[in-house]
Amino acid sequence: MGLPLRDLTHPTELPWSALRGRLLAVDGNNMLYQFLATIRQRDGQPFTDRAGRPTSHLIGLLYRTTSWLEEGIRPVWVFDGKPPDLKAGTLRTRFESKERAQAAWQEALAAGDLETARRKAAQTSRLTRAMVEEAQRLLSDLGLPSIQAPSEGEAQGARMAAEGVVWGTASEDYDSLLFGTPRLVRGLGSRQPHDQGRAAHLIERDALLSELGLSQEELILVGLLIGTDFNDGAAGYGPKKALKLVQQHRGWEATLRTAGLDPAQLEPVASIFRSPEVAVGPLPPFGPPDEEALAHLLVEEHDFSEDRLRAALARLHRRPVPVPSAPAAPGHQTVLDGFGPEGA
DNA sequence: CACATCGA
DNA sequence: TCGATGTGG
């Protein structure tokens, strides 16, 4: 998933407390996928309700968002819409690797190798439309906004961050940097002991660009060379070699040709990053949780323990008074310019 | 993922 | 009291 930009970045540590009162566009598909991969039993079986429907995504969503809210982090979940046609190859490759993982999972189980079984099972995770809809229902019952992007969620989040509607984007993938997010927060899930100051990692686009001596256009060029969800990349080019080539500033076409790529063919890929399809409209409001609806969804429909739900909800009542997070450009009418009323 | 439980 | 391990759904 995503593109391997990690080696080019130098993230700074970002304590959760630094995010208090801030709005974050959360990559919903990315997060839910992580939950499906991680929240499993020893043999790799996902958690299910009594009807056999998976619940791992709901477990992760409930606990993680209540943790965030308790710290005053204000998540705006953004979900993928229709993938660009150019993503078809990536989607097919992912499907095939899931099939292989499925077989490897069964093999490991038969061999009694639980550790391998769990790892392979994680790779079989599939996020269905139904799971996303349930997650959106859960968010709505929690009183949290969610946004359905027309296409890539990372693009939608990046635009919202660039417009100052949210402070930054949260994802484990690096795609939103190519989409122009000013701030990417990674590791918002890796929790440490509750008291011992949890920390995420922050990548700031401006700092990244000046460190690498690149423009935003050139960062996209690096992406095209190493490969994105929408193109294969140049043979023999990884992050290091791609960066080195682009740093020679030979221009768009010469750079691609040097790496054996066809500039004309890559133009549509570049335009996905430069001017992606994004939604325009008011930011849905935050509101108070609907505890009855939550009990119905989680306890009655999906067999959650009532005690655990209550414990999770108790953390919402402990949440700090929200500090208004300043939009970057007050007074300017831009996409998603609305700020709903604060919840209780 | 977060929480409960257990043994050093 | 704390890391390791188990449980929840």
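The chains referred to below are lettered A, B, ... by the order of the sequence lines, with proteins before strands, and numbering in each begins at 1.
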What salt bridge (charged side-chain N to carboxylate O under 4.0 Å, His left out) pairs are there with at least one residue in residues 52-61 of chain A, not counting sequence neighbours? D49(A)-R53(A)
Please, which pairs that meet salt bridge (charged side-chain N to carboxylate O under 4.0 Å, His left out) have at least one residue in residues 122-136 of chain A, sequence neighbours excluded? E99(A)-R126(A), R129(A)-E133(A)
Besides L109(A), the hydrophobic cluster formed by Ile, Leu, Val, Met, Phe, Trp and Tyr side chains linked at under 4.5 Å, directly or via other members, contains W105(A), L114(A)
Under the side chain to side chain donor-acceptor pair (under 3.5 Å) rule, collect the residues that match up with E217(A), sequence neighbours excluded. R274(A)
Rounding to a whole Å, what distance do you find between Q34(A):CD and dA2(B):P? 12 Å
If only side-chain N and O atoms count, and only distance matters, is there a donor-acceptor pair under 3.5 Å linking Q148(A) with Q136(A)? yes
Per the salt bridge (charged side-chain N to carboxylate O under 4.0 Å, His left out) rule, what does the pair list look like for residues 199-211 of chain A, sequence neighbours excluded? none
Give, ordered by number, those residues of residues 130-145 of chain A having at least one heavy-atom distance below 4.0 Å to an atom of DNA chain C; if nothing qualifies, reply none. none
Are OP1 or OP2 of dC1(B) and a side-chain N or O of S56(A) less than 4.0 angstrom apart? no
L32(A) CG - dC1(B) C1' separation (whole Å): 13 Å
Pairs flagged by salt bridge (charged side-chain N to carboxylate O under 4.0 Å, His left out) wherever residues 141-150 of chain A is involved - sequence neighbours left out: none
Footprint string (nucleotides 3-9 of chain C, 5' to 3'): B base within contact, S backbone only, - free, heavy atoms under 4.0 Å: ---SBBB
Here the distance between atom C1' of dC1(B) and atom CG of L309(A), to the nearest Å, is 15 Å
Please list, chain by chain and in numerical order, all residues satisfying salt bridge (Lys or Arg N to Asp or Glu O under 4.0 Å) with D303(A), sequence neighbours excluded. R50(A)
